Amino acid sequence: MENKQLDLTNFNLTGKVALVTGASSGFGEHFAHVLATAGAKVIVGARREDRLKNLVADITAKGGEALAVAMDVTDAGSVAAAFDQAEAAFGTITVLVNNAGVAAPKTVHKTTEADWDFVVDTNLKGAWLVAAEAARRMVSANTPGVIVNIASVLGLATSTGHGIYSASKAGVIQLTKHMALELANKNIRSNAICPGYFKTEMNGEYFDSEAGKAYIESTPTGRLGLMEEMDGPLLLLASDAGSFINGAIIPVDGGHLVMSI
Ligand SMILES: NC(=O)c1ccc[n+]([C@@H]2O[C@H](COP(=O)([O-])OP(=O)(O)OC[C@H]3O[C@@H](n4cnc5c(N)ncnc54)[C@H](OP(=O)(O)O)[C@@H]3O)[C@@H](O)[C@H]2O)c1
């Protein structure tokens, strides 16, 4: 069999329509810039619309194309309405970055049912609602597609105070594998990235504290991840460069998960 030449344009996303959930801050905001720079038309979804509008203005100023849609991932009606709005503007979404997420760090005996509902409804039910909506629409449009779920190293390991969060992200990992299995024959790939620790609004206060700094120093690299260290994994999974990667769970954590016990 003759090998095809290496083609770096496979990483290019021109012609793709991408949705990033949780795009009003942190990873989601960064991912929206990365996907737009790679050529995709990008729909940015979250609840804080003012933030999304600023992001769209930034992307547009840099020559990209983007649209803000208000979206609460815990609400099926809100998710469907956001997809309708996105489709009317840019056509079928072919790249989903399922990124919206929350945390409520507490030890097990202090957590409440409300904490469970908050975290699981957003991280797991929300991820499922958005992925299922995306998959339905890709299938009915008969188009190939890609789903990138943002799980966490805490979906593969756990840590004191993060029980519900860990459980929700473990659920996202299983959901990823299940979608990969069921959608492969529709030419839709599903993979998950498990980030280690990166400073965002979710955890900034902790990582600025003495306890947070000491914890990070105890990890193999002794530092937090940098946003741009997510770009390669994201583009690999979102683009045709990853065309045979399906059901993969990829830690991006500087080796945090392989620490010795
Ligand atoms: N930072 C890390 O170290 C780390 C590590 C592993 C995994 N992660 C995961 O990475 C993802 C992004 O987190 P981040 O660190 O970037 O934190 P972040 O800055 O707090 O961003 C979270 C995003 O989720 C959105 N969101 C929350 N609830 C939502 C809802 N009901 N509907 C729609 N959007 C909602 C928020 O937007 P609105 O409030 O405007 O709706 C916000 O844009 C999360 O899934 C998180 O679990 C983060």
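The structure displayed is predicted, hence computed values, not measured ones. Whatever order the structure lists them in is the order used to number ligands and atoms, beginning at 1.
Residue nearest to atom 37 (O) of ligand 1, selected from A70, S24, G45: S24 (by heavy-atom distance). Considering D72, V130, D50 only, the shortest heavy-atom separation from atom 31 (N) of ligand 1 involves D72. Among F31, F118, F198, the residue whose heavy atom lies nearest to atom 1 (N) of ligand 1 is F198. Comparing heavy-atom distances from atom 45 (O) of ligand 1 across N99, V79, V252 singles out N99 as nearest. Taking only non-hydrogen atoms, the option from Y165, Y206, F207 nearest to atom 8 (N) of ligand 1 is Y165.
In this structure, atom 15 (O) of ligand 1 lies nearest to the protein heavy atom T200 OG1, 2.6 Å. Residue, atom and distance of the protein heavy atom nearest to atom 13 (O) of ligand 1 are M202 CE, 3.7 Å. Among all protein heavy atoms, the one lying closest to atom 19 (O) of ligand 1 is S25 OG, 2.8 Å. The shortest contact between atom 25 (C) of ligand 1 and any protein heavy atom is with G22 CA, 3.5 Å. In terms of protein heavy-atom proximity, atom 48 (C) of ligand 1 is closest to F27 CE1, 3.4 Å.
Within ligand 1, counting atoms from 1 as listed, the ones closer than 4.0 Å to a heavy atom of N203 are 1 (N), 2 (C), 3 (O). Counting atoms of ligand 1 from 1 in the listed order, those under 4.0 Å from a heavy atom of G26 are 16 (O), 19 (O).
V120 places a side-chain heavy atom less than 4.5 Å from the side chain of I164. Side-chain contact between L52 and D50: absent, with no pair of heavy atoms (C-beta onward) separated by less than 4.5 Å.
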